[in-house]
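Below you'll find the structure, written out as structure tokens, and then a few comments.
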Amino acid sequence: MLKHKRLVILLLSVILVLGALLAGCSSQSKTATTSQGQSEQVLNLNLGEEPPTLDPQKATDEVSITVLNAVLEGLVRYNKDGKIEKGSGLAKDWKISDDGLTYTFYLKDAKWSDGNPITAYDFEYAWKRALDPKTGSQYAYQLYYIKGAEEYNSGKGSADQVGVKALDDKTLQVTLKAPAPQFLGLTSFVTYLPLEKSVYEKYGDKVGSDPSTMVFSGPFIIKEWNHEQNIVLEKNPNYWDKDNVKLDKINFSMIKDNNSLVQNYDTGALDSIFIPGDYIDKYKDSPEFHTYALATVWYLQFNNKDKIFKNANIRKAFTLAVNRELFVKEVMKNGSIPAEAVVPPGIPGYNGDFRSEAGPGYFKDNDVAQAKEYLQKGLQELGLSKLPTIKFLTGDSDTAKKYSVALQQMWNQALGVQVEIQNVAFKVRLDMMDRGDYQIVLAGWGADYNDPMTFLDMWETNNGNNTAFYSNPEYDKLIEQAKVNGDPKSRVEEMIQAEKILMEDMPIGPLWFQARAYVVKPYVKNLYFPAFGPDWEMKWTYIEGKK
């Protein structure tokens with residue numbers, strides 16, 4: 001999800017986006033305690049960016065996913081330990097057939113925030129809406145595990161042929177086209193979240209654009225959304241597990257300036273922030289300082305339709321010319337590690353870690369000599385004596401600007417190329433990527449679920465998130481085989497072969513596997529930082545001892 005997810009985006013997003021690195025800042029001031037002396041249950045965080053959309057079937061980025069995870073809930077919800085257990089979401093129980101193809105979910109007696117019951121029909125409606133070609137969901141492919149889903153989404157089948165059916169108000173039956181152990185975890189993802197049919201029929205494509213166009217099934221509701229400024233969440237009085245939700249309010253700000261970010265934390269206006277690299281030394285000896293690894297990869301994404309970057313040798317030249325070791329140590333300073341492959345460490349393989357089974361990487365970091373050779377080969381193939389000025393698309397936050405300048409200088413020093421930086425707002429960047437209006441873009445992808453496939457299937461031909469416009473039939477074949485392969489070992493081997501092809505073609509150039517450094521006030525309890533999915537899990541958070 002980063003891109004957004006996912007396109008982590010990164011987190012991946014996902015996920016998995018660059019502005020999400022800048023968490024933290026709230027301008028609302030408030031008293032710390034109630035009249036009874038207890039800490040006020042208000043949490044102040046910073047999204048860093050405006051969510052492009054809060055339509056669950058259309059959201060693709062980590063910022064939107066973080067908000068949606070707080071206000072909507074699906075069949076399952078990961079618990080505090082990042083595990084799935086029965087009753088953790090809207091499904092109180094489920095049964096899986098012996099052949100692994102049929103899932104039957106039994107729903108709780110739960111209500112939407114408008115008081116209407118949440119039914120199995122809401123799930124069937126939402127999932128089929130995601131697959132409807134008219135919806136244009138970039139994440140529709142996440143439902144392709146379901147029988148008939150891909151056919152409907154590609155215009156070769158009908159909604160009636162999709163293997164999801166509400167048997168009654170509280171029973172949802174799902175039929176897969178092949179066994180998929182990761183399917184259960186996927187049902188927590190945004191594209192799988194329910195939608196009340198009457199709400200969509202009333203607001204149509206305006207759903208998710210404003211709180212007045214939404215109803216909520218999660219721990220919180222959106223009380224205010226002042227676009228490009230802040231979002232205010234309040235506790236959902238109709239949430240089935242409201243007794244375990246302690247926070248009354250969450251204030252999300254959208255601050256991009258690092259100085260303001262840090263100042264707001266220091267003054268107590270923010271309760272936690274992700275620390276910009278330049279401020280690591282300021283906090284590293286504080287007991288409030290923490291780090292953790294994300295299931296997120298950041299990379300250079302090349303527009304494979306562009307007249308320059310359609311050439312694989314040019315793509316390889318720009319990838320190998322980057323000094324990742326220097327970048328993560330001197331520019332990022334947050335514990336991230338160089339990436340010379342796509343799937344991050346920590347993602348399970350057949351009998352351990354996928355990265356260990358596949359090997360650490362596919363190229364040498366900062367291989368300037370090889371990069372120059374690739375550049376010359378690419379120029380010859382393109383019939384050019386030198387490259388024109390290259391446009392590099394990235395975000396408009398302080399961190400994005402710093403990263404883009406560092407990469408610009410590396411390319412100039414190693415290859416002698418001129419690179420023009422385009423700093424644009426988050427939503428604008430995502431739109432330009434979708435339209436192919438770029439040459440190189442700095443992008444990230446965070447895991448949507450705990451499996452290597454979440455980093456690999458997005459690069460299939462015509463995938464909704466394949467905004468590199470990459471296509472390789474051999475790669476597509478391996479990914480499709482791995483999706484339906486019931487043998488765990490050979491399935492992983494197919495994904496390893498696919499990753500090798502991806503790195504040989506280099507439609508993207510991996511840069512780093514992300515870690516995050518953050519500070520959090522000692523009075524904030526049970527604020528969780530998932531390795532994949534949203535930036536925070538806030539369902540169980542509470543404030544204690546704030547003075």
Side-chain angles (χ1 to χ4, degrees), residues 1 3-7 52-53 55-61 101-103 120-166 172-180 182-183 186-187 189-195 197 199-201 203-208 303-305 430-431 433-437 448 453-454 456-485 498 507:
M1 158 220 4
K3 248 175 183 176
H4 14 158
K5 259 112 87 313
R6 7 292 355 40
L7 236 255
T53 178
D55 180 332
Q57 275 71 60
K58 291 185 177 181
T60 62
D61 65 282
L101 294 179
T102 303
Y103 287 65
Y121 297 99
D122 295 324
F123 283 93
E124 179 181 357
Y125 180 77
W127 294 11
K128 288 182 177 179
R129 176 183 173 242
L131 291 167
D132 187 339
K134 296 178 182 178
T135 302
S137 173
Q138 290 179 257
Y139 259 130
Y141 70 93
Q142 292 287 32
L143 288 93
Y144 283 6
Y145 297 97
I146 301 171
K147 183 179 179 181
E150 184 172 6
E151 289 81 0
Y152 176 42
N153 187 240
S154 62
K156 300 176 182 177
S158 67
D160 293 340
Q161 295 171 319
V162 176
V164 54
K165 183 175 180 60
L172 182 72
Q173 187 177 81
V174 184
T175 304
L176 306 186
K177 62 183 179 183
Q182 67 271 33
F183 178 73
L186 263 175
T187 64
F189 189 61
V190 287
T191 319
Y192 282 83
L193 294 175
L195 183 67
K197 182 179 179 180
V199 173
Y200 180 73
E201 289 178 338
Y203 296 109
D205 289 336
K206 292 182 180 179
V207 163
N303 184 347
N304 285 230
K305 296 192 301 184
L430 295 185
D431 180 63
M433 291 170 67
D434 291 341
R435 292 186 287 107
D437 184 17
D448 297 328
M453 187 61 77
T454 189
L456 298 173
D457 62 354
M458 64 182 290
W459 305 113
E460 282 189 279
T461 303
N462 297 324
N463 182 285
N465 282 318
N466 182 3
T467 54
F469 309 105
Y470 168 68
S471 179
N472 183 315
E474 185 180 358
Y475 182 84
D476 294 348
K477 182 179 179 181
L478 284 166
I479 294 298
E480 288 304 308
Q481 288 174 180
K483 285 183 175 180
V484 298
N485 192 337

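Here the shortest heavy-atom pairing between Pro133 and Tyr152 reads CG-O, 3.4 Å. Here the shortest heavy-atom pairing between Ala140 and Ala130 reads CB-O, 3.5 Å. Counting all heavy atoms, side chain and backbone alike, Pro52 lies closest to Leu430 at CG-CD1, 3.8 Å. Here the closest non-hydrogen pair linking Ala468 and Pro507 is CB-O, 4.3 Å. Taking every heavy atom of both residues into account, Arg129 and Asp55 meet most closely at NH2-OD2, 2.6 Å. Taking every heavy atom of both residues into account, Lys128 and Val162 meet most closely at CE-CB, 4.2 Å.
Ring pair Tyr125/Tyr200 is tilted by interplanar angle, where 30° to 60° counts as tilted.
Checking Asp434 against Gln138 by side-chain atom types alone, a donor-acceptor pair falls below 3.5 Å.
Although no hydrogens or angles enter the test, the distance criterion places no donor-acceptor pair under 3.5 Å between the side chain of Asn304 and the main chain of Phe469. Checking side-chain atoms of Gln57 against main-chain N and O of Leu193 turns up a donor-acceptor pair under 3.5 Å. Here the side chain of Gln161 pairs no donor or acceptor atom with the backbone of Gly148 at under 3.5 angstrom. In terms of modelled atom types and a separation under 3.5 Å, the side chain of Thr135 and the main chain of Ser137 share no donor-acceptor contact. Put simply, the side chain of Asn463 gets close to the backbone of Asp457: a donor and an acceptor are under 3.5 Å apart.
The shortest side-chain heavy-atom distance between Lys177 and Lys483 does not fall under the 4.5 Å cut-off. Using a 4.5 Å heavy-atom threshold, the side chains of Phe123 and Val174 count as separate. The closest side-chain heavy-atom distance from Tyr475 to Leu456 is below 4.5 Å. For the pair Asp122/Leu195, no side-chain contact is recorded, criterion being any heavy-atom separation below 4.5 Å from C-beta on. Between Thr461 and Asn466, the closest side-chain pair of non-hydrogen atoms is not below 4.5 Å. By the 4.5 Å heavy-atom criterion applied to side chains, Lys58 and Asp205 are counted as neighbours.
In this structure, OG1 on Thr191 lies 6.5 Å from CG on Leu143, to the nearest 0.5 angstrom. Atoms CG and OG, on Asp132 and Ser158 in that order, are 11.5 Å from each other to the nearest 0.5 Å. Taken to the nearest 0.5 Å, the CD1 atom of Ile479 stands 11.0 Å off from the OH atom of Tyr141. From Leu176, atom CG reaches atom CD1 of Ile146 across 7.0 Å, with rounding to the nearest 0.5 Å. The OH atom of Tyr192 lies 5.0 Å from the CZ atom of Phe183; values are rounded to the nearest 0.5 Å. In this structure, the separation between NZ on Lys477 and CG on Asn472 is 12.0 Å, given to the nearest 0.5 Å.
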Stepwise side-chain contact (heavy atoms from CB on, under 4.5 Å) test for Met458 and Asp448: CA-CA 11 Å; Met458 64 182 290; Asp448 297 328; over 6 Å; no

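Within a 6.0 Å radius of NZ in Lys197, no more than 12 heavy atoms belonging to other residues, nucleotides or ligands are found.
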